[in-house]
Amino acid sequence: QVQLVESGGGLVQPGGSLRLSCAASGSIGSIKVMGWYRQAPGKQRELVASMPTGGSPIYVDSVKGRFTISRDNAKNTVYLQMNSLKPENTAVYSCNANLRRRFSNDYGDYWGQGTQVTVSS
């Protein structure tokens, strides 16, 4: 019943910018953390950025100073502003949320479908 839907991916030139969005919907009790992962072909999935509810963001070192994660708690939405993009940032970016469904006692991970980001000239 819980769904995460990403948007905002696309093709951009090196040095350009994109903003990704992810909205969680359904029978949600509470969200502990929302974040973004990415996976390039032939490589492992890695955490790009995450933001706990009411807490401070965490970034992988390679994107610090260029990417900014933010959240709109009223909309159950997380954003990733990506500036100064590089070809090595090309990947499928997926939204993740650790949340508790309403009427559940347990927290679990939920994933979006992924959105392609391609950085190329």
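Contact of the Pro14 side chain with the Pro87 side chain is registered, since non-hydrogen atoms from C-beta on lie closer than 4.5 Å. For the pair Ser7 and Val5, the minimum side-chain heavy-atom distance is 4.5 Å or more. Using a 4.5 Å heavy-atom cutoff, the side chains of Asn76 and Ile31 are in contact. Side-chain contact between Gln113 and Glu6 is present, with heavy atoms from C-beta onward closer than 4.5 Å.
In this structure, the ring of Trp36 has its center no less than 6.0 angstrom from the ring center of Phe67.
Between the Tyr37 side chain and the Trp111 main chain, no donor and acceptor come within less than 3.5 Å of each other. Ser30 places no side-chain N or O within 3.5 Å of a backbone atom of Arg100 that could act as its donor or acceptor partner. The main-chain N or O of Lys75 is found under 3.5 Å from a side-chain atom of Thr77 such that the two form a donor-acceptor pair.
Between Tyr93 and Arg38, the side chains place a donor N or O and an acceptor N or O closer than 3.5 Å (distance only, hydrogens not considered). A donor and an acceptor atom, one from each side chain of Thr68 and Tyr79, are nowhere located under 3.5 Å apart.
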Taking it one step at a time, do Ser17 and Gln81 satisfy side chain to side chain contact (heavy atoms under 4.5 Å, CB included)? CA-CA 7 Å; Ser17 298; Gln81 178 67 46; 4.0 Å; yes
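Shown here is Glu46, whose CD atom has more than 12 heavy atoms of other residues, nucleotides or ligands within 6.0 Å. Counted within 6.0 Å of CZ on Arg101, heavy atoms from surrounding residues, nucleotides or ligands total 12 or fewer; the atom is thus considered open.
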